Amino acid sequence: MSRILEETDRLKALGWCGERVARDPVNQPMINNWVEAMGDTHPAYREGLAPPAMVQVWTMRGLHPAPQPDDPLHAMSAVLDEAGFTSVVATNCEQTYHRALKVGELLTVRSRLSDVVGPKKTSLGVGWFVTTESTWFSGEEPVATMLFRILKYQPRPQAAAASPITPVVSRDTAFFWEGTAAGQLRIQRCEACGRLRHPPGPMCPACGATSMGFVVSEGAGTVYSYVVHHHPPVPGKRLPFVVALVELPEGVRVLGEFLGESVEIGRPVRCTFVRVGGFHLPAWEAAA
Amino acid sequence: MRFEQSQVLPEQIFQVTRADLVRYAGASGDFNPIHWSERFATSVGLPGVIAHGMFTMALAGQAVAVWAGTGDAIVDFGVRFTRPVPVPDTDEGTDISFTAVVKAADADFATLELTAVCRGEKVLAQARAKVKQF
C-alpha cells in the first residue's frame, strides 16, 4: 500500500506528461467504423465531421500498446497490477468539447494524474479509484478535455473456486466415509438388536446398545423430499443445486445432492459418489 | 431544436448486441476482455460480458444529438457509470432506454439531465449534457 501511495505522490508531482501523438490523423474510415458500431447515421459524420465522443479514440494505443512509463494512467495501473488490483472498469467520464473535429487534423494528448483514492470496498471487490485528466490538442490549440476515473480492483474469489466444505469424520462416522471411498453406501446397524439407522451415532436409539456394525446398501431408492438451494452461497458449489432426501428399501433415508436435471418426489434414484476435497460424497442420480 | 426549461424529451431506445461490442472494441481501440470474453468477465466478478462504458456514454451522446437535431451541439458531457450493462449472447442482446429533462436553458445553451435504463435499472448517474442552442 505504501508503494501505491508513493507512486501516487510521485506521478502527481510530475504533473502533465509529455505529449503523445495519435497513430492516425482524424480520418473518414475510422469515423465510418465508429458510427457503424454506434448505429449512428447522422449525415454530417459521412462528410468529414468527427463525432465529439470519438475524441479519446484518436489517441488509443491499439491492441498491443508499447509500455509508456511516463503516462500517468499507465504507470499507476502497473503499480496497482503488481499489488493485485488487476481488473479495471470505468466509473466516471466527463468530456468537454471546445470545438468539432474535422478529417485531417492530427491530435496529440497530454495527461496528468489528479487523484488516487483507496483502498475502497466495492461490489466488485476491494479497489482503488484512479482519476486522470487529459487534454487533446490540434497543433497548439486545445480541442477537448476529459476527466476519467477508473476502478482498479482485486476480483473477489469466485464461489465455485473456493475450497469446498468437507465432512467432519468422527469415531461414529469413520466406517461410513471408508465405505464411500470404497464405493459402498454403508448403513449403521446395531449389533445387539439389528436396527438400522442413518446418520450414524454412538448408541442404538432402540435398545441402547453401543456396539455398532453396518450393512452395505444396494444404493437404490426413491426421492422422499428435496430442496433447491438458491441462497446463501456455499463454498465450492455453483448455485442453485438440489439436495434430495432419498428413502432406501432398507428402511432409512439418506441425504445427498441430486445430480439430474429434473427432481420430483417419488423419482427412483441410485447412489453415486462425488469426489470433493479428498472425500467421496454420496450423491443421487436418476435411475434409468 | 431549441430546448426550453423543464421540457421532457422523448424516449429513445437502443439495442445492443455482442456484435455491436465487438465492432465498438475495434472501432474505439478499447480491447479490455471484459467486453468480449465471457470467461474473462465472469472470472473478475462481472455478471458476464458488459458494454464499454464509453459505448453507453456515446449512445447517450447520440440520443442528445438526435434531440438537438445536430451532431456538433454538445459542449460538455459527463456521466457516472453506476451499473454495468450486461449484454447476453443472444440475437436480441439488450436494450438501453434514454430519456432526458431540460434542467436549464438560455439563449445560447441548454443543460439536459439524462436517464439511462437497462433491464429496469439505471446504468448512468449524474448524466448531464450541455448543448448549444441553434
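Naming convention: chains lettered A, B, ... in sequence-line order (proteins, then strands); numbering from 1 in each chain. Note that the structure is predicted; figures quoted are calculated from it, not measured.
- Using bins of under 30°, 30° to 60° and over 60° for the plane-to-plane angle, the ring pair A:F85/A:W128 lands in the perpendicular bin.
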Check the pair A:N32, A:Q28 against side-chain hydrogen bond (donor to acceptor under 3.5 Å, both in side chains), reporting the backbone distance first and the verdict last.
-> CA-CA 6 Å; A:N32 293 348; A:Q28 192 64 52; 2.8 Å; yes

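- Contact tally against chain B (heavy-atom pairs below 4.5 Å) for A:M60, A:Q95, A:E94: the top residue is A:Q95.
- The contact between A:V88 and chain B is made by backbone and side chain atoms together, counting heavy-atom distances below 4.5 Å.
- When heavy atoms are compared at a cutoff of 4.5 Å, B:F81 approaches chain A by way of both its backbone and its side chain.
- Heavy-atom distances place both the backbone and the side chain of B:F55 under 4.5 Å from chain A.
- Using a 4.0 Å cut-off between charged nitrogen and carboxylate oxygen, A:D81 and A:K152 count as a salt-bridge pair.
- Note on A:G62, A:G125, A:A100, A:P51: by heavy-atom pairs under 4.5 Å with chain B, the leading option is A:G62.
- Separation of atoms CG (B:N32) and CD1 (B:I50) is listed at 8.0 Å; rounding is to 0.5 Å.
- Both the backbone and the side chain of A:L63 come within contact range of chain B, each with at least one heavy atom under 4.5 Å from a heavy atom of that chain.
- Considering A:V263, A:V227, A:L259 as possible partners of A:V242, the one that fulfils the side chain to side chain contact (heavy atoms under 4.5 Å, CB included) test is A:V263.
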Show your working on salt bridge (Lys or Arg N to Asp or Glu O under 4.0 Å) between A:R10 and A:E7 and close with a plain yes or no.
-> CA-CA 5 Å; A:R10 186 185 76 83; A:E7 189 68 359; 2.9 Å; yes

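- Between chain B and the residues A:C93, A:A44, A:A50, the most heavy-atom pairs under 4.5 angstrom are made by A:C93.
- No other option in B:T82, B:V22, B:T70 has as many heavy-atom pairs under 4.5 Å with chain A as B:T70.
- If you measure heavy-atom distances from A:Q154 to chain B, you find no contacts under 4.5 Å at all.
- Ring orientation note: the planes of B:H52 and B:Y24 are nearly perpendicular, at an angle over 60° on the 30°/60° scale.
- With a 4.5 Å cut-off on non-hydrogen atoms, A:A90 touches chain B through its backbone and its side chain both.
- Contacts with chain B were tallied for A:D40, A:L124, A:V35; A:D40 has the most, counting heavy-atom pairs under 4.5 Å.
- Most heavy-atom pairs under 4.5 Å with chain A, from the set B:Q62, B:R128, B:Q126: that is B:Q62.
- The greatest number of non-hydrogen atom pairs below 4.5 Å with chain B, out of A:T91, A:I31, A:V57, is found for A:T91.
- Within 6.0 Å of the NZ atom in B:K132, the count of heavy atoms belonging to other residues, nucleotides or ligands exceeds 12.
- For B:I74, the parts sitting under 4.5 Å from any heavy atom of chain A are the backbone and the side chain alike.
- At distances below 3.5 Å, not a single donor-acceptor pair connects side-chain atoms of A:W136 with backbone N or O atoms of A:Q56.
- The number of heavy-atom neighbours closer than 6.0 Å to CZ of A:R61, taken from other residues, nucleotides and ligands shown, is above 12.
- Looking at A:A53, only its side chain comes within 4.5 Å of chain B, counting heavy atoms on both sides.
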